[in-house]
**Student:** 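My questions all concern the structure below.
The model shown is predicted, which means the values in this text are computed figures rather than measured ones. Residues take their numbers from the sequence shown, with the count starting at 1.
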Amino acid sequence: MGYHRAGFDVDGVDIAYRPNYPFAFHQGDALDRLTHLMATGQIGRYALVHASPPCQAQCALTVGTNHSQGWGGTHLDLVAPTRALLELTGLPYVIEQPNGRATIRKDLTLCGEMFGLGVLRHRNFELGGWMAPRRTHPAHRGYVRGHRHGVYREGPYVAPYGSGGGKATVPEMQTAMGITWTDVREELTEAIPPAYTQWIGTAFLTCRQGVLA
């Protein structure tokens, strides 16, 4: 949605069926789809590729709390093969990952507080073939509401993941992130606020205009 608002025509790919997705949608493996686009020459229709490889292997929750408690299972880390394929396309790209140990360059870090949102939802972005200015990270205005390490706190932000313990309800997640096109909890907990990609898309178009000028 953010790229759409920045002025892009958007095609989306997900291995799961996403009937709420508001743009052209292709169900299947994203790497297979990218390989197909290159093999058929259709990749030339695109200006930018944004990839969000599965993040569970190296996200902060997995390598922190879950690891210390012996929780969770084995997760695929697809960052490296995703980057390798993106580089073969010859297109500028964005790789998005949450805080943790994912092996991406943190060319850009965005936080909900930068956009006046009701979530923090820190995300790191590696930019391939282009650059964007870094945004100043403002001080957080307080805590994320809910239980943390056995202590419950109120705060100006909600936690858009899991359930119980003061975490956000579906309507709260929708409002806090600015997402109206789905009310599916799993989709909301996996999403990033469209304000992030609108800012990235606008920065990319500004960068391209500067190159062309």
**Student:** Under a single-linkage definition using a 4.5 Å side-chain heavy-atom cutoff for Ile, Leu, Val, Met, Phe, Trp and Tyr, are Val10 and Trp181 assigned to the same hydrophobic cluster?
**Tutor:**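 Both belong to a single hydrophobic cluster.
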**Student:** Locate the shortest heavy-atom distance separating Ala159 from Lys167; write the atom from each residue and the value.
**Tutor:** O-CB, 3.8 Å
**Student:** Could you state whether Tyr3 and Leu127 fall into the same hydrophobic cluster, counting links through intermediate Ile, Leu, Val, Met, Phe, Trp or Tyr residues with side-chain heavy atoms under 4.5 angstrom apart?
**Tutor:**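 Yes.
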**Student:** Report yes if the side chains of Pro92 and Arg208 come closer than 4.5 Å at any heavy-atom pair, otherwise no.
**Tutor:** yes
**Student:** How many angstroms lie between atom CG of Asp14 and atom CD of Gln27, to the nearest 0.5 angstrom?
**Tutor:**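 Here the interatomic distance stands at 8.0 Å.
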**Student:** For Arg148, is the CZ atom crowded, meaning more than 12 foreign heavy atoms sit under 6.0 Å from it?
**Tutor:** no
**Student:** Do Pro138 and Met114 have side chains that get closer than 4.5 Å, going by heavy atoms?
**Tutor:** yes
**Student:** For the residue pair Pro53 and Gln97, establish whether any side-chain heavy-atom pair is separated by less than 4.5 Å.
**Tutor:**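 In short, these two side chains touch, coming nearer than 4.5 Å.
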**Student:** How far does CZ of Phe125 sit from CD1 of Ile95, to the nearest 0.5 angstrom?
**Tutor:**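 Nearest 0.5 Å value for the CZ-CD1 distance: 11.5 Å.
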**Student:** Over all heavy atoms of both residues, which pair between Ala191 and Met177 is shortest? Give the atoms and the distance, please.
**Tutor:** O-SD, 4.0 Å
**Student:** Closest approach of Val79 and Asp77, non-hydrogen atoms and distance?
**Tutor:** N-OD1, 3.2 Å
**Student:** Counting only N and O atoms by type, is there a donor-acceptor contact under 3.5 Å from the side chain of Arg185 to the main-chain atoms of Thr169?
**Tutor:** no
**Student:** Considering non-hydrogen atoms only, spot the tightest contact between Pro194 and Ile179 and give its length.
**Tutor:**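 Where Pro194 meets Ile179 most closely, the heavy atoms are CD-CG1, 3.8 Å.
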**Student:** Relative to each other, are the rings of Phe8 and Phe204 parallel, tilted or perpendicular (30° and 60° limits)?
**Tutor:**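 Plane angle between 30° and 60°, so tilted.
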**Student:** Applying side chain to side chain contact (heavy atoms under 4.5 Å, CB included) to Gln174 and Asp183, what does each step give before you reach the verdict?
**Tutor:** CA-CA 7 Å; Gln174 291 175 308; Asp183 59 0; 3.7 Å; yes
**Student:** Is there a path of hydrophobic side-chain contacts, each under 4.5 Å between heavy atoms of I, L, V, M, F, W or Y residues, that connects Leu78 with Ile192?
**Tutor:** no
**Student:** Looking at OH of Tyr93 and CZ of Arg83, how far apart are the two atoms once the value is rounded to the nearest 0.5 Å?
**Tutor:** 6.0 Å
**Student:** Is the CZ atom of Phe115 crowded by more than 12 outside heavy atoms at less than 6.0 Å?
**Tutor:**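 Yes, the 6.0 Å shell around CZ holds more than 12 heavy atoms from other groups.
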**Student:** Between Asn124 and Asn99, is there a side-chain heavy-atom distance shorter than 4.5 Å?
**Tutor:**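 Result yes, sub-4.5 Å side-chain heavy-atom pair found.
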**Student:** Would you say His50 and Leu48 make side-chain contact, with heavy atoms under 4.5 Å?
**Tutor:** no
**Student:** May I ask whether Val49 and Ile104 are part of the same hydrophobic cluster, defined by side-chain heavy atoms of I, L, V, M, F, W, Y residues being less than 4.5 angstrom apart, directly or through others?
**Tutor:** yes
**Student:** Give me each pair satisfying salt bridge (Lys or Arg N to Asp or Glu O under 4.0 Å) with a member in residues 129-146, each pair once, sequence neighbours excluded.
**Tutor:**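 Output for this query lists Glu113-Arg141, Arg145-Glu172.
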**Student:** How close do Arg33 and Val13 get, heavy atom to heavy atom, and via which atoms?
**Tutor:** CG-CG2, 3.7 Å
**Student:** Set out, in order, the CA-CA distance, both residues' side-chain angles and the distance that settles side chain to side chain contact (heavy atoms under 4.5 Å, CB included) for Tyr143 and Val151, then state yes or no.
**Tutor:** CA-CA 12 Å; Tyr143 293 104; Val151 178; over 6 Å; no
**Student:** Which heavy atom of Leu85 sits nearest to which heavy atom of Met38, and what is that distance?
**Tutor:** CD1-CE, 3.3 Å
**Student:** Side chain to side chain contact (heavy atoms under 4.5 Å, CB included) for Thr189 and Met173? Distances and angles first, verdict last.
**Tutor:** CA-CA 8 Å; Thr189 59; Met173 284 190 278; 4.0 Å; yes
**Student:** Mind telling me whether His140 and Tyr157 have parallel, tilted or perpendicular rings, with 30° and 60° as the class edges?
**Tutor:**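 Correct class here is perpendicular.
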**Student:** Drop me the distance from Leu37's CG to Asp32's CG, to the nearest 0.5 angstrom.
**Tutor:** 11.0 Å
**Student:** Go through the steps to decide whether Ile200 and Leu110 satisfy the test side chain to side chain contact (heavy atoms under 4.5 Å, CB included), and finish with yes or no.
**Tutor:** CA-CA 10 Å; Ile200 292 171; Leu110 297 179; 4.1 Å; yes
**Student:** Kindly say whether Gly112 contributes a backbone atom to a donor-acceptor pair with the side chain of Tyr196 at under 3.5 angstrom?
**Tutor:**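 The answer is yes, because a donor-acceptor pair under 3.5 Å joins these two groups.
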**Student:** Angle class for the Tyr21/Phe23 ring planes (parallel below 30°, perpendicular above 60°, tilted otherwise)?
**Tutor:** perpendicular
**Student:** For atom CG of Asn20, is the number of surrounding heavy atoms from other residues, nucleotides or ligands below 6.0 Å larger than 12?
**Tutor:** yes
**Student:** Is there a continuous path of hydrophobic side-chain contacts, each under 4.5 Å between heavy atoms, that joins Leu88 to Ile43?
**Tutor:**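 Yes.
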**Student:** Which value, rounded to the nearest 0.5 Å, describes the distance between Gln42 atom CD and Asp11 atom CG?
**Tutor:**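 One finds 9.5 Å between CD of Gln42 and CG of Asp11.
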